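Each remark here refers to the structure printed beneath this line.
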Amino acid sequence: MELLTLAFGAGTLALAFAAVTTRRVLREETGTDTMRNIAALIQQGAAAFLRREYTFVAAFVILVGAIIAVFVDLDVTGKFAALGLAPEGPFATLPRTAISYVLGACASAASGYIGMFIAVRANVRTAAKARVGLNPALRVAFASGAVMGMTVVGISLVCLSGLYLVFRHFQPLTGFAFGASSIALFARVGGGIFTKAADVGADLVGKVEAGIPEDDPRNPATIADNVGDNVGDVAGMGADLFESYTGSIVATMSLAAIGVVGAGQNAVLPSEAAANWDGTAFVLPLGVMGVGAVAAVIGTFFVRTSEQADMARLLWALRAGIFGAGALALAGTAAVVAGLGLDFRLFWVVVVGLVAGQVIGTATEYYTAYEYSPTQKLARQAVSGAGPTIIGGLALGMLSTAVPLLAIVAAIWMTFELAGLYGVALSAVGMLSTLGVTLATDAYGPVADNAGGIAEQSRLPSEVRERTDALDSLGNTTAATGKGFAIGSAVLTALALMVTYSQITRVASFDLLDVQVLLGLLIGSLMPFLFSALTMGAVGRAAMRMVEEVRRQFREIPGIMEGTTPPDAAGAVRIATDGAVREMVLPGTLAVAVPVVVGIVFGAEALGGLLIGSIGSGALLALMMANAGGAWDNAKKYIEKGHHGGKNSEAHRAAVVGDTVGDPFKDTSGPSLNILLKLMAIVAVVFGPLFL
């Protein structure tokens, strides 16, 4: 009960901190009338998109919730009762899993919406502060990111603690995680399609064809691009990391519920392990996350920098918050483990998780930041044209998978030796324990990007744009680092959920020589590629429509290029919205439907094989896409700083082409894959007994 109280209290503290920080950000000045008008257009566009997206997703959630209520909670097939999974306790007659599913979906949507709400108001305030100096601008942008980070952490901890207190069973928790994953996938895919369609349209027609600067007010896609930063990189990312955070907790608690709490122990069914539901192993993940939440709040106060717009200084300013929070989280976890008289190996499991996350983040930073040789070499290749740029970026992305994947392998090996499969799952909790501050360093990037756009469109002095560009460039690196954390934790969490699925379905092992398992493995290996093809194709089609619209306006509306007639920005936003909502349906539906179809047609063993295949291919593809995309983007920015001919040179045009390829890699398909892995795994856990 002490750990439960700690988690609930830490979640409440995180939400209170987010509320106070929101008030502080909203008190900042908003600049000139022109700046406020541009910010209002971005706010209206982002709100309109989320209304359209959430309307569709609400219908999906209601449909899936009804299916869960009938087949899982009411158990019309009798298979859950046969496996000892029948509901117990005072709320046994309620559709507990379905209720939790809807709650998880609402919580995930709320996390994304709150993040977007503060981001579209912090952008103009960051631009206004950039007129004063770099550090004031960083503080505003980072504070808005901290609101999202603490909101994600707080809502997750409060909801999971509350569900545990009410239902006293792990199955409703899996329903909550399922709901969070469902929203996260649609938010990431839909937002990613929107933002990249607008970005590609703005870059190809504006920069390459018309030769006008980035974020030029004459470009009809500029406002849509700014809106996309918020609905994709903020709202989508908020829902994504809410799902990652929640999934890691639920996966570990589920393993404790089924008795897989140590190396060498035989797993037992949930009904035989009821005593564990009130045990320390079950609530320890909530306690670790509670300690991490408090540490993250403190860590936000460590972030500050000087007026020197230097990438290394900025990076270390953010690292101070991350490393400080990590050290505090480890100290708090050690105190919890020692105070409860637990085996101290559990502390070392958390250490391994945090260290593995830092290794993944550092490796990602090395391959994507233009301070280091891989991205600088990629920028040199742009001198030879677009072809070498594309080839070099793909090679860099493939090579960049080695260190992160080996770090994940080492973490699995060490944590299994320390605490068995439970330790593997707990290491994912450790990796994400300081998400509140890690997400803050990630979410501030889109705010800085928007601030630069507002500065450009408002014709603010050049030094203002230089300051926002410095923050934006660092944001690309921290965003790639955040994606690395999410992918690493996704592998560990999906593995834990796969073990939970095997125990629930009483499938002792998945034999690769069994034809059913082999069939599932091949289908699972295919899923990340099929999913990526659908999302990349969706971006391409939506971008084509945006390109045609921008060309049409340049051609048919007189006075745009002269700056005497404003472009139809609302029309560009509408095109991006329509394309994103329409194109997100098929990928999102397949992610839920394919595991169910494989389980029904081929059986429980085949579905286990599908999970194995998807984890292996999905982790590598996600890392490759995220890192290649980040490197292409920063290679372009490196050239724009004056290297290899600078802006409007042949190298710059080639780098812009590389960036347009990398945009859907890093902001649509890549980050969606880590959700895909966990979503398919949680679908298997929720519906597992139906496939026997």
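Everything numeric here is computed off the predicted structure, so don't read it as measured data. Start at 1 with the first residue, then count along the sequence. Values reported hereafter were calculated over all heavy atoms of this structure, with side chains retained and with hydrogens, waters and symmetry mates removed.
Looking only at side-chain heavy atoms (C-beta outward), Phe178 and Leu679 come within less than 4.5 Å of each other. At a threshold of 4.5 Å between non-hydrogen side-chain atoms, the residues Ile391 and Gln381 do not count as touching. Contact check for Tyr422 versus Leu284: side-chain heavy atoms found under the 4.5 Å cut-off. In this structure, the side chains of Asp633 and Lys636 come closer than 4.5 Å at one or more pairs of heavy atoms. Residues Val429 and Met289 meet the side-chain proximity criterion, which asks for heavy atoms closer than 4.5 Å. Side-chain contact between Leu157 and Tyr245 is present, with heavy atoms from C-beta onward closer than 4.5 Å. Counting only heavy atoms from C-beta outward, the side chains of Ile322 and Phe302 never approach each other to under 4.5 Å. By the 4.5 Å heavy-atom criterion applied to side chains, Gln358 and Phe323 are counted as neighbours.
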Original post:
Yes or no on side chain to side chain contact (heavy atoms under 4.5 Å, CB included) for Val303 and Leu318, after CA distance, side-chain angles and deciding distance?
Top reply: CA-CA 6 Å; Val303 177; Leu318 298 181; 3.7 Å; yes
**OP:** Could you check Leu286 against Met253 for side chain to side chain contact (heavy atoms under 4.5 Å, CB included), going step by step and ending with a plain yes or no?
**Re:** CA-CA 9 Å; Leu286 284 171; Met253 296 177 76; 3.9 Å; yes
**OP:** Take Ile615 and Val491 through the test side chain to side chain contact (heavy atoms under 4.5 Å, CB included) and record every step on the way to the result.
**Re:** CA-CA 6 Å; Ile615 292 169; Val491 174; 4.0 Å; yes
Subject >> Criterion side chain to side chain contact (heavy atoms under 4.5 Å, CB included) on Cys159 and Ile155, from CA distance to verdict >> reply: CA-CA 6 Å; Cys159 287; Ile155 292 177; 4.0 Å; yes
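For the side chain to side chain contact (heavy atoms under 4.5 Å, CB included) criterion with Met414, the lone passing option out of Val424, Val355, Val409, Val352 is Val352. A side chain to side chain donor-acceptor pair (under 3.5 Å) with Lys678 is found for one member of Ser244, Ser248, Ser181 and no other, namely Ser244.
Side chain of Ser144 to backbone of Ala119: no donor-acceptor contact under 3.5 angstrom is found. Checking side-chain atoms of Thr195 against main-chain N and O of Gly191 turns up no donor-acceptor pair under 3.5 Å. In terms of modelled atom types and a separation under 3.5 Å, the side chain of Thr441 and the main chain of Thr438 share a donor-acceptor contact. A donor-acceptor pair under 3.5 Å links the side-chain atoms of Asn674 to the main chain of Pro671, judged by distance alone. In this structure, Ser156 contributes its side chain and Val152 its backbone to no donor-acceptor pair below 3.5 Å. Side chain of Thr375 to main chain of Tyr367: a donor-acceptor pair is present (N/O by atom type, distance under 3.5 Å, no hydrogens or angles). No donor-acceptor pair closer than 3.5 Å links the side chain of Ser108 to the backbone N or O of Gly104. Of the possible donor and acceptor atoms, one in the side chain of Thr500 sits under 3.5 Å from a partner among the backbone N and O of Ala496. Put simply, the side chain of Ser433 gets close to the backbone of Gly430: a donor and an acceptor are under 3.5 Å apart. In this structure, the side chain of Trp632 does not engage the main chain of Leu378 through any donor-acceptor pair within 3.5 Å.
Separating the CE atom in Met431 from the CD1 atom in Ile360 is a distance of 4.5 Å, to the nearest 0.5 Å. Here CG of Leu241 is found 8.5 Å from CD1 of Ile675. Values are rounded to the nearest 0.5 Å. One finds the OG1 atom of Thr668 at 9.5 Å from the CG atom of Asp199 (value rounded to the nearest 0.5 Å). In this structure, OG on Ser617 lies 12.0 Å from CD1 on Ile612, to the nearest 0.5 angstrom. Once rounded to the nearest 0.5 Å, the distance linking CG of Leu160 with OG1 of Thr246 reads 5.5 Å. Taken from CZ in Phe529 to CG in Leu673, the straight-line distance is 9.0 Å, to the nearest 0.5 Å.
The two residues Asn634 and Ala369 make their nearest non-hydrogen contact at ND2-CA, 4.0 Å. Closest approach of Leu185 to Ala591, counting heavy atoms only: CD2-CB, 3.4 Å. Considering every non-hydrogen atom in both Thr368 and Ala631, the closest pair reads CG2-N, 4.0 Å. Taking every heavy atom of both residues into account, Leu354 and Gly326 meet most closely at CD1-O, 4.0 Å. In plain terms, the two heavy atoms of Tyr501 and Thr505 that are nearest each other are O-OG1, 2.8 Å. Considering every non-hydrogen atom in both Ala428 and Ser489, the closest pair reads CB-O, 4.2 Å.
Relative orientation of the Tyr370 and Tyr638 rings is tilted, given thresholds of 30° and 60° on the angle between their planes. Aromatic ring pairs are classed by plane angle as parallel below 30°, tilted from 30° to 60° and perpendicular above 60°; the pair Tyr372 and Tyr366 is tilted.
Salt bridge status for Glu365 with Arg319: present, with a side-chain N to carboxylate O gap under 4.0 Å.
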